[in-house]
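This report refers to the structure that appears directly beneath it.
Throughout, a chain's letter reflects where its sequence line sits, starting with A, and its residues are numbered from 1. As the structure is a prediction and not an experimental result, all values here were calculated from the model.
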Amino acid sequence: MKENEPVHEGGRERENRIEKLSTLREAGVNPYPYRFQRTHGVAELLSGEDTFLESGAETAIAGRIMSIRGHGHTSFGNIKDDTGAIQFYIKDAEVSEEDWKVFRLLDVGDIAGLWGVLFKTRTGELTVKVSRLELLSKSLLPLPEKYHGLQDKELRYRRRYVDLIVNDEVMAVFRKRSMIIDSIRNYLREHNFLEVETPILQPLYGGASARPFVTHHNTLDMKLYLRIADELYLKRLIVGGMERVFEFSKDFRNEGMDRSHNPEFTMLECYAAYWDYNDMMGFVEEMYQRLCEEVVGSTEILYGEYEIDLTPPWRRLTFYGALEEKTGVDLRGATEKELEKLAKDNDIDLEGVAGKAALLDELFSRLVEPGLIQPTFIIDYPVELSPLAKVHRSEEGLVERFEPYIAGFEVANAFSELNDPVDQRARFEEQVRMRTEGADDMHPVDEDYIRALEYGMPPTGGLGVGIDRLVMLLTNSSSIRDVILFPQMRPEAGRGEK
RNA sequence: GCACCGCUAGCUCAAUUGGCAGAGCAACUGACUCUUAAUCAGUAGGUUCGGGGUUCGAUUCCCUGGCGGUGUACCA
């Protein structure tokens, strides 16, 4: 295919419809008019059935024609809007000659406006008896088959617009996604959190351990990174005196893609001055409880084969405690050698895993994570794994950090934020040292962030929640692509550049 | 990145051992005044993902490339 050649598909059917366009235009009908005055949404008609039947009032609805069943002088069909679908009935003798002509040129997939009164058919179905109609937008490409719909996953992701038209459950997932974000936003606002926006294009990336996307600013002639997290900016705001802040942040990580990773994804981060991680744990439990009640209607949810009960309080287990539960060994004093042996005994492949911290992390994700089905807070992580968390107030070598796990995956990450600028510098430098030893995704030192800390940051509790995974959990979706409207795809053949 | 599976009409899917590429829906023509996966009669629709090979003959077997799915690796 040549570049910039328009994509023509739909074959004969598309040509038929283009033919209909000119027939309509010749008859003085604009197939793409400018507006339509609706009186009701379909859902209003369905729920107000009795009133409409009694009053005989005329209504005007608009939407997409989903089916047409012709019977010579009459026709039945279905029309669907944002709120629902309803049957319509049209009879040649009851509309103008012009309208009947337009109707005969109507195809499934067209957008139309209908005027009419409601009645019930012999089989008891609420139906709009059309008195007038207007074509509002002619569609040229045919919709997928009415019974099986659109099944092909590739087409569903690439043409999400078609997926949304024909697969109602997809629409439902994304409505729920919106409700989830609303619910969280309301919860945070009620607790006096301020919603802010921080840079997506950053001269220095940080706040997480991941490889960034790199871009270039022409005028400034400098490298910029797409953010991998907004953490360091939000904490600068805490320094500035905004005591409670949050941001729904689109983050970007230049790494592999799979069922739970998309290169761009949504993370909620929030920070509260004068809180520690214990305060944040209670806050998270309450947030999830409320979210479930508002969105699912219950704190008991179904995810795949699991029945999950999110009623607080959730189980709390320390990082080392959880490992000890699985291995029978307290690993706090374990040497690298002992950890390696333990991994080998459990058939864990250690390729690419170097250092004590990485070993512990590997053991944890192999042995413990898969078993964390019911909501569980894992708390008190080794300091090496957490360069932005504050050291534990009583336990040597640990930080005050927690991660809630549900259905075997991590759904959030939180800590008592490190606000000691000297310690923070040391941790950054340690990360840089580890980077030179081979880990290529550790933090560069952010001097300005340390400077901010030197002005003084109050004790602060911070939280990050992966919104996409949360939506997966609450919509029982097995792939992140099913909760992102336009998931990342390779370009179709002949499009895009290398 | 690696492994396995898939790609056939607009959509959903068939095609026996390698032997004329098919069905349903959608479309088109006609019939039909309460149907609803409407029905009935007829018509048309194909680069079998691309390229190469084996063969008298390839949707089918082999090689290669593309895209997707699943798993795995990477990803606090």
Answer with base, sugar-phosphate or nothing: what part of the nucleic acid does [X] contact at a heavy-atom distance below 4.0 Å?
X: Y381(A); result: nothing
X: G70(A); result: base
X: L155(A); result: sugar-phosphate
X: R366(A); result: sugar-phosphate
X: F364(A); result: nothing
X: R490(A); result: sugar-phosphate
X: K20(A); result: sugar-phosphate
X: L150(A); result: sugar-phosphate
X: E125(A); result: base
X: R17(A); result: nothing

Using atom [atom1] of each nucleotide, how far apart are [N] and [M] to the nearest Å?
N: C20(B); M: U16(B); atom1: C1'; result: 15 Å
N: C25(B); M: A14(B); atom1: C1'; result: 15 Å
N: G45(B); M: C28(B); atom1: C1'; result: 10 Å
N: U29(B); M: U12(B); atom1: P; result: 26 Å
N: U48(B); M: G30(B); atom1: C1'; result: 33 Å
N: U60(B); M: A9(B); atom1: P; result: 15 Å
N: C56(B); M: U39(B); atom1: C1'; result: 48 Å
N: U64(B); M: G19(B); atom1: C1'; result: 27 Å

field: Cationic N near anionic O, under 4.0 Å, R401(A) to E403(A)
entry: yes

message: Using a strict threshold of under 4.0 Å (side-chain N to carboxylate O), is an ion pair present between D163(A) and R159(A)?
response: no

[X] has an atom [atom1]; how far is it from atom [atom2] of [N], in whole Å?
X: K153(A); N: C7(B); atom1: NZ; atom2: P; answer: 16 Å
X: R211(A); N: G1(B); atom1: CZ; atom2: P; answer: 12 Å
X: N16(A); N: U43(B); atom1: CG; atom2: P; answer: 18 Å
X: D152(A); N: G10(B); atom1: CG; atom2: C1'; answer: 13 Å
X: L385(A); N: A76(B); atom1: CG; atom2: P; answer: 10 Å
X: I68(A); N: C32(B); atom1: CD1; atom2: P; answer: 19 Å
X: K146(A); N: G24(B); atom1: NZ; atom2: C1'; answer: 10 Å
X: R481(A); N: U70(B); atom1: CZ; atom2: P; answer: 5 Å

Under 3.5 Å donor-acceptor, [X] side chain and [Y] backbone:
X: N346(A); Y: L342(A); result: yes
X: Q202(A); Y: Y205(A); result: no
X: Y277(A); Y: K390(A); result: no
X: K20(A); Y: E15(A); result: no
X: T83(A); Y: V42(A); result: yes

Do the ring centers of [X] and [Y] come within less than 6.0 Å of each other?
X: F88(A); Y: F76(A); result: no
X: F119(A); Y: Y89(A); result: yes
X: F402(A); Y: F377(A); result: yes

query: Between U33(B) and T74(A), is there an OP1 or OP2 to side-chain N/O distance shorter than 4.0 Å?
result: no

message: With a 4.0 Å limit, can you tell me whether R259(A) has a side-chain N or O closer than that to the phosphate oxygens OP1/OP2 of G71(B)?
response: yes

Out of [options], which nucleotide sits closest to the side chain of [X]?
X: S479(A); options: A26(B), U70(B), C67(B); result: U70(B)
X: A208(A); options: A76(B), G10(B), G45(B); result: A76(B)
X: T121(A); options: A37(B), U35(B), C67(B); result: U35(B)
X: R122(A); options: C34(B), C28(B), G71(B); result: C34(B)
X: H71(A); options: G1(B), C32(B), U70(B); result: C32(B)

- prompt: Side-chain donor or acceptor of Q151(A) under 3.5 Å from a matching atom on the base of U12(B)?
  reply: no

field: Under-3.5 Å donor-acceptor pair between D258(A) side chain and C74(B) base
entry: yes

- request: Classify the angle between the aromatic ring planes of F319(A) and Y381(A) as parallel (below 30°), tilted (30 to 60°) or perpendicular (above 60°).
  value: tilted

task: Report the residue from L136(A), L135(A), V130(A) that forms a side-chain contact (heavy atoms from CB on, under 4.5 Å) with L133(A).
output: V130(A)

statement: For RNA chain B, consecutive-pair runs of 3 or more (Watson-Crick or G-U wobble, both H-bond-type distances under 3.5 Å) give B:1-7 with B:66-72, B:10-13 with B:22-25, B:27-31 with B:39-43, B:49-53 with B:61-65

- request: With a 4.0 Å heavy-atom cut-off, tell me which residues in residues 87-114 of chain A come close to RNA chain B, sorted by residue number.
  value: Q87(A), K91(A)

- request: List the steps, then state whether side-chain contact (heavy atoms from CB on, under 4.5 Å) holds for T127(A) with I86(A).
  value: CA-CA 7 Å; T127(A) 303; I86(A) 192 167; over 6 Å; no

message: For E403(A) and G72(A), find the nucleotide of RNA chain B closest to each by heavy atoms; which residue's nucleotide sits nearer the 5' end?
response: G72(A)

